[in-house]
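What follows is one structure encoded as structure tokens, with my remarks underneath.
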Amino acid sequence: MVSDSRHEIINDNVDVGVRIFLSKEAAGFKSLHWHSHIEIVLVLEGEVTFHFNHQEVVLKPNEFVVVGSEILHATSNLANVSLVLQIPVDYLNHYWPHSELLLFSLPTSERDKWSYDYQAIASLLKEMTKIYAQKEMGYLLLFNSKMLDALYRLITKYSVSLAPKKIKRKKVKLRIF
């Protein structure tokens with residue numbers, strides 16, 4: 001990691017094993033940092049700009065970004081309200097092996113942001129936040145089903161997996177009878 005960055009420690013919500021919260025921020029800046037979580041931010045009001053991987057992603061209401069695990073990133077923002085979901089790599093690895101190798105590429109054109117999958121993910125994130133805030137009977141089942149649906153769509157529609165740097169291959173002896 002870059003020496004002028006910091007590792008952000010994330011305390012997951014114990015009941016769901018991920019961190020989900022509604023962020024209300026005044027205009028400001030968050031310096032370079034990284035974490036071992038996949039971070040999804042959906043802007044509800046205002047504007048947030050993410051800086052990572054030599055790119056700048058400006059989010060307006062109903063737009064989201066996904067930052068992969070251990071990706072160095074910073075944010076600058078106007079006053080905003082955003083939904084934040086941070087998923088530990090260890091949690092996601094139960095469902096998608098080597099999730100730490102996922103890179104996400106979301107639509108950038110206005111037209112593509114109105115695609116069915118993009119809008120479905122945004123809707124699922126909003127539903128999850130409401131379910132978690134209300135915590136009605138059975139909320140854990142409903143919350144987890146919405147989250148897994150959103151993650152499935154994100155990974156299958158908007159991600160690529162980097163190849164591991166070193167793949168250990170076992171030598172296999174073929175037996176001919």
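Taken to the nearest 0.5 Å, the CD1 atom of Ile87 stands 13.0 Å off from the OG atom of Ser36. Rounding to the nearest 0.5 angstrom, the gap separating the CG atom in Leu85 from the OG1 atom in Thr129 is 7.5 Å.
When hydrophobic clusters are built by joining Ile, Leu, Val, Met, Phe, Trp and Tyr residues whose side-chain heavy atoms come closer than 4.5 Å, directly or via intermediates, Leu101 is not grouped with Phe104. There is a path of hydrophobic side-chain contacts, each under 4.5 Å, that joins Leu125 to Leu92. Taking hydrophobic clusters as Ile, Leu, Val, Met, Phe, Trp and Tyr residues chained together by side-chain heavy-atom distances below 4.5 Å, Ile131 shares a cluster with Val81. Residue Met147 is grouped with residue Leu42 when hydrophobic side chains (ILVMFWY) are merged at heavy-atom distances under 4.5 angstrom, including chains of intermediate members. Hydrophobic clustering (ILVMFWY, side-chain heavy atoms < 4.5 Å, transitive): Val65 and Leu103 are in one cluster.
Among residues two or more places apart in sequence or in another chain, the ring-ring contact (aromatic ring centres under 6.0 Å, His included) test is passed with Phe50 by none. In this view, Tyr118 and Phe64 satisfy the ring-ring contact (aromatic ring centres under 6.0 Å, His included) rule, not counting sequence neighbours. With sequence neighbours left out, Glu100 forms a salt bridge (charged side-chain N to carboxylate O under 4.0 Å, His left out) with no residue at all. Residues meeting the side-chain contact (heavy atoms from CB on, under 4.5 Å) test with Ser145, sequence neighbours left out: Leu142. For the side-chain contact (heavy atoms from CB on, under 4.5 Å) test, residues two or more places apart in sequence or in another chain that qualify with Gln119 are Asn62, Trp114. Partners of Asp12 under the salt bridge (charged side-chain N to carboxylate O under 4.0 Å, His left out) rule, at least two apart in sequence or in another chain, do not exist in this structure. For the side-chain hydrogen bond (donor to acceptor under 3.5 Å, both in side chains) test, residues two or more places apart in sequence or in another chain that qualify with Lys113 are Glu63. Partners of Ser105 by side-chain contact (heavy atoms from CB on, under 4.5 Å), not counting sequence neighbours: none found. For Ser82, the side-chain contact (heavy atoms from CB on, under 4.5 Å) partners at least two apart in sequence or on another chain are Val41, Val43, Val48, Asn80. In this structure Lys146 satisfies the side-chain hydrogen bond (donor to acceptor under 3.5 Å, both in side chains) test together with Glu127, sequence neighbours excluded.
Between Ile71 and Trp34, the closest heavy-atom pair is O-CB, 3.8 Å. Across every non-hydrogen atom of Pro107 and Asp112, the tightest pair is CB-CB, 3.4 Å. The shortest heavy-atom contact between Ser31 and Ala74 is C-CB, 3.9 Å.
The shortest distance between side-chain heavy atoms of Phe52 and Val57 falls below 4.5 Å. Side-chain contact check for Leu154 versus Ile40: some heavy-atom pair is nearer than 4.5 Å. Counting heavy atoms from C-beta outward, Ser99 and Tyr91 have side chains that stay 4.5 Å or more apart. In this structure, Leu148 and Tyr95 have side chains that are in contact, with non-hydrogen atoms separated by less than 4.5 Å. Leu83 has its side chain out of reach of Met128: every pair of non-hydrogen atoms, C-beta onward, lies at least 4.5 Å apart. With contacts defined as side-chain heavy-atom distances shorter than 4.5 Å, the pair Leu151/Trp96 does not qualify.
Here side chain to side chain donor-acceptor pair (under 3.5 Å) pairs that include residues 44-55, with residues two or more places apart or in two chains, are His51-Ser76.
Side chain of Asn144 to main chain of Leu140: a donor-acceptor pair is present (N/O by atom type, distance under 3.5 Å, no hydrogens or angles).
Using a 30° and 60° split on the angle between ring planes, His35 and His33 fall in the tilted class, from 30° to 60°.
Heavy-atom contacts from other residues, nucleotides or ligands closer than 6.0 Å to CZ of Phe29 number more than 12. For Lys135, the NZ atom counts as densely surrounded, since its 6.0 Å shell holds more than 12 non-hydrogen atoms of other residues, nucleotides or ligands.
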Return all side-chain donor-acceptor pairs below 3.5 angstrom for residues 14-25, not counting sequence neighbours, or 'none' if the list is empty.
residue: Asp15; atom: OD1; partner: Tyr132; partner atom: OH; Å: 2.8
residue: Asp15; atom: OD2; partner: Tyr132; partner atom: OH; Å: 3.3
residue: Asp15; atom: OD2; partner: Tyr139; partner atom: OH; Å: 2.5

